[in-house]
Number of protein chains: 2
Amino acid sequence: MTLADVADAVGVSPSTVSRVLTSSRPVAPEIATRVREAATRLGYSGNGIARALRRRRTDTVGMVVPSILNPFFTSLVDGLERTLHDEGKQLLLCDSRQDPDVEAEHLRALVERHVDGVVVSPCDDVASIPAVARTAAAVPLVQLDRRVEVDGTDWVGLDDHRALGMLLEHLRDRGARVVAFVTSEMTNSSTVDRARGFRENAALLGLQVAPDGIVLGEFSVASGEAAVRTLFARPQRPDAIVCADDLIAIGALRACHDLGLRVPEEVQVTGIDDIEFATYVSPTLTTLAQPTARMAAEALRLLGLRAAISDGSAHAIEATRLAFSPRLVERESTRSLP
Amino acid sequence: MTLADVADAVGVSPSTVSRVLTSSRPVAPEIATRVREAATRLGYSGNGIARALRRRRTDTVGMVVPSILNPFFTSLVDGLERTLHDEGKQLLLCDSRQDPDVEAEHLRALVERHVDGVVVSPCDDVASIPAVARTAAAVPLVQLDRRVEVDGTDWVGLDDHRALGMLLEHLRDRGARVVAFVTSEMTNSSTVDRARGFRENAALLGLQVAPDGIVLGEFSVASGEAAVRTLFARPQRPDAIVCADDLIAIGALRACHDLGLRVPEEVQVTGIDDIEFATYVSPTLTTLAQPTARMAAEALRLLGLRAAISDGSAHAIEATRLAFSPRLVERESTRSLP
DNA sequence: ATGAAAGCGCTAACAT
DNA sequence: ATGTTAGCGCTTTCAT
């Protein structure tokens with residue numbers, strides 16, 4: 001069942017059928033009705049592949065995330081999918097599993113599939129560079145959340161410096177003196193930027209960083225739990241633990257519970273992301289909410305802009321970096337103001 | 001940069017380049033090397049769209065889930081993505097947001113895009129039928145987890161009857177007498193099957209169902225919490241709450257906590273799915289683990305089988321229904337054996 | 001082992 | 001307003 005079949009059935013040319021079905025040009029109302037009727041009757045459904053080949057666009061956007069199992073990325077995926085659906089486009093979802101090689105494979109496949117654009121959260125600070133650069137050279141690309149240094153690519157994410165400032169200020173106001181930071185290995189931009197934000201803002205606010213007070217692991221509950229056990233095995237204990245994401249923070253809360261440390265009386269704990277479960281742990285978690293839906297929408301807007309630039313319908317602009325400010329969500333894991 | 005460009009650069013025909021790059025036919029080793037070298041040098045990356053048009057397959061599988069934000073579906077997506085990646089295929093992910101109209105749109109789009117197959121977890125028992133039937137008529141389709149009555153379509157999911165039997169037996173052995181069931185509205189197969197399994201197994205095991213002991217809501221923490229508050233506002237209280245999924249169960253645990261009910265001493269609570277957070281609530285949640293990775297793999301195997309049947313390389317078989325047995329994961333929300 | 005030619009199903013340029 | 005024509009880039013007969 002092809003366009004031509006429908007055309008034959010109605011007794012018009014394929015072009016006319018195409019025009020009716022895509023409303024790309026005026027067609028006599030009477031013919032249009034007959035065409036539509038025939039298309040429905042014959043169960044004609046179109047061939048997106050042929051259309052894509054001819055129009056040179058696929059109405060598909062590719063996305064590569066480090067892990068679909070991390071609820072933060074899930075909410076990014078959700079935001080992207082909604083916006084795309086509203087625009088009549090679709091999402092080709094890829095999971096790099098934190099592996100730069102898998103990531104590179106996915107990116108190559110997306111280019112080969114001629115997606116209209118790629119949204120990527122590069123899994124590794126260094127190892128992701130070549131594949132991201134190669135991809136950006138072939139197709140509009142925007143980095144979301146994590147970022148890698150590649151010239152001319154846009155990025156949308158969190159203002160990590162400000163984020164850490166907000167958390168530390170919040171903690172200082174609530175009596176914190178000695179702070180620690182639990183994060184993942186320094187192999188991605190989020191971690192690096194947040195660690196830097198932690199150090200600088202702690203200095204700025206006159207907060208003392210516990211000795212060996214920056215503990216590395218990964219973005220997971222288990223890792224956060226282990227890190228906090230390590231932290232409290234040492235003589236000088238922090239009175240506040242800043243965690244690089246909510247998963248780590250939830251692990252930290254568990255460790256505190258098991259160690260018999262009262263939160264927030266003895267130790268305050270904070271996270272980042274505001275995943276749904278931050279509300280469901282006990283004590284509930286003070287954290288920073290990221291505007292994931294807006295971030296996803298902005299990423300797609302930039303992608304559209306890049307596409308317009310490469311087809312000549314817009315002027316070139318330099319790389320955009322959109323750093324969103326988070327919103328502090330105060331809950332029970334930090335104290336009330338004195 | 002097309003196949004023809006590479007062919008020109010080497011001085012051979014496009015056919016030869018195609019044969020080298022897809023190893024579809026023997027080519028003189030020396031020429032093959034030169035072709036590969038030229039392809040790399042020119043940065044040729046192939047055009048998957050043109051290839052798909054010609055070969056009449058896209059190496060893409062579409063998936064439609066009721067909500068990507070539900071961790072259970074996320075793990076199904078993860079399983080599917082991994083298996084597909086191993087086979088060199090890609091995943092077109094769609095979220096129906098529990099809306100049959102959105103679901104129908106997505107299914108139509110997948111057919112139009114000529115995906116090689118569709119995996120769907122239909123959001124509504126009744127309203128999803130027409131779109132699923134229409135899709136199944138056009139492309140290999142398998143239902144995963146949730147299911148709708150459409151002739152000739154395969155289904156992979158959980159043995160819900162057995163699941164409820166396992167939970168209720170576990171609870172009875174641990175002293176439960178009066179049980180309640182908290183689930184979502186009866187508009188999808190999971191809910192219907194589980195409610196039925198609950199009733200039948202309770203009767204079989206001699207367990208009393210609390211008056212109005214089947215409470216409907218949705219698959220979410222908030223809903224579980226509200227349902228349990230309702231349940232305990234009544235005179236005759238259950239001593240065990242069976243929840244249709246872990247999200248509901250986590251809500252139930254919160255409600256019990258807030259109501260000052262000790263779990264598992266006064267009330268036992270169980271979930272289904274074994275999402276990661278079932279380990280991180282307090283008390284930790286007794287639940288049933290679903291073999292999501294295997295389920296995803298089986299769904300894809302059946303899809304491949306259907307594809308083979310429709311291209312004539314395999315004999316037609318009747319609809320397969322694969323009901324996996326869950327694994328009981330005992331944790332703190334149910335008691336130890338007396 | 002290689003090349004020439006046809007065509008997958010569609011849309012857009014160019015007629016009329 | 002409609003039809004005719006020419007491809008999009010690839011794979012696959014068919015011929016050599």
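Residue numbers start from 1 in every chain, and the chains themselves are labelled A, B, ... in the order their sequence lines are given, proteins ahead of strands. All heavy atoms count here, side chains included; hydrogens, waters and symmetry mates do not.
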Worksheet item: Checking salt bridge (charged side-chain N to carboxylate O under 4.0 Å, His left out) against A/R306, which of A/D116, A/D311, A/D154 comes through?
Response: A/D154

Discussion item. Measure CG/B/L21 against P/D/dG9 and give the value in whole Å, please.
Written reply: 16 Å

Discussion item. Let me test you: for the helix from C/dA1-D/dT16 to C/dT16-D/dA1, what is the angle between the axes at its two ends (five pairs each), rounded to 10 degrees?
Written reply: 40°

Worksheet item: Got a salt bridge between A/R294 and A/E298, using NZ or NE/NH1/NH2 to carboxylate O under 4.0 Å?
Response: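 No, A/R294 and A/E298 are not salt-bridged.
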
Practice prompt. May I have all residue pairs that pass side-chain hydrogen bond (donor to acceptor under 3.5 Å, both in side chains) and include part of residues 122-132 of chain B, sequence neighbours excluded?
Written response: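 Only B/E103-B/S128 qualify under side-chain hydrogen bond (donor to acceptor under 3.5 Å, both in side chains).
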
Item to complete: Enumerate the residue pairs fulfilling side-chain hydrogen bond (donor to acceptor under 3.5 Å, both in side chains) with a member in residues 38-54 of chain A, sequence neighbours excluded, ordered by first and then second residue.
Response: A/E37-A/R41

Starting at [atom1] of [X], measure out to [atom2] of [Y] and round the result to the nearest 0.5 Å.
X: A/S67; Y: A/F219; atom1: OG; atom2: CZ; result: 11.5 Å
X: B/T83; Y: B/L303; atom1: OG1; atom2: CG; result: 11.5 Å
X: A/L110; Y: A/T135; atom1: CG; atom2: OG1; result: 8.0 Å
X: A/L305; Y: A/H315; atom1: CG; atom2: NE2; result: 12.0 Å

Worksheet item: Taking DNA chain C as the partner, which of residues 28-42 of chain B come within under 4.0 angstrom of it by heavy atom?
Response: B/A28, B/I31

Fill in: Contacts of B/H114 that satisfy ring-ring contact (aromatic ring centres under 6.0 Å, His included) - sequence neighbours left out
none

Worksheet item: For nucleotides 9-16 of chain C, read 5' to 3', which letter fits each nucleotide if B means a protein heavy atom sits under 4.0 Å from the base, S means only the sugar-phosphate is that close, and - means neither?
Response: BBBBBB--

Practice prompt. Without swapping roles, check the side chain of A/S121 against the backbone of A/R146 for a donor-acceptor pair under 3.5 Å.
Written response: yes

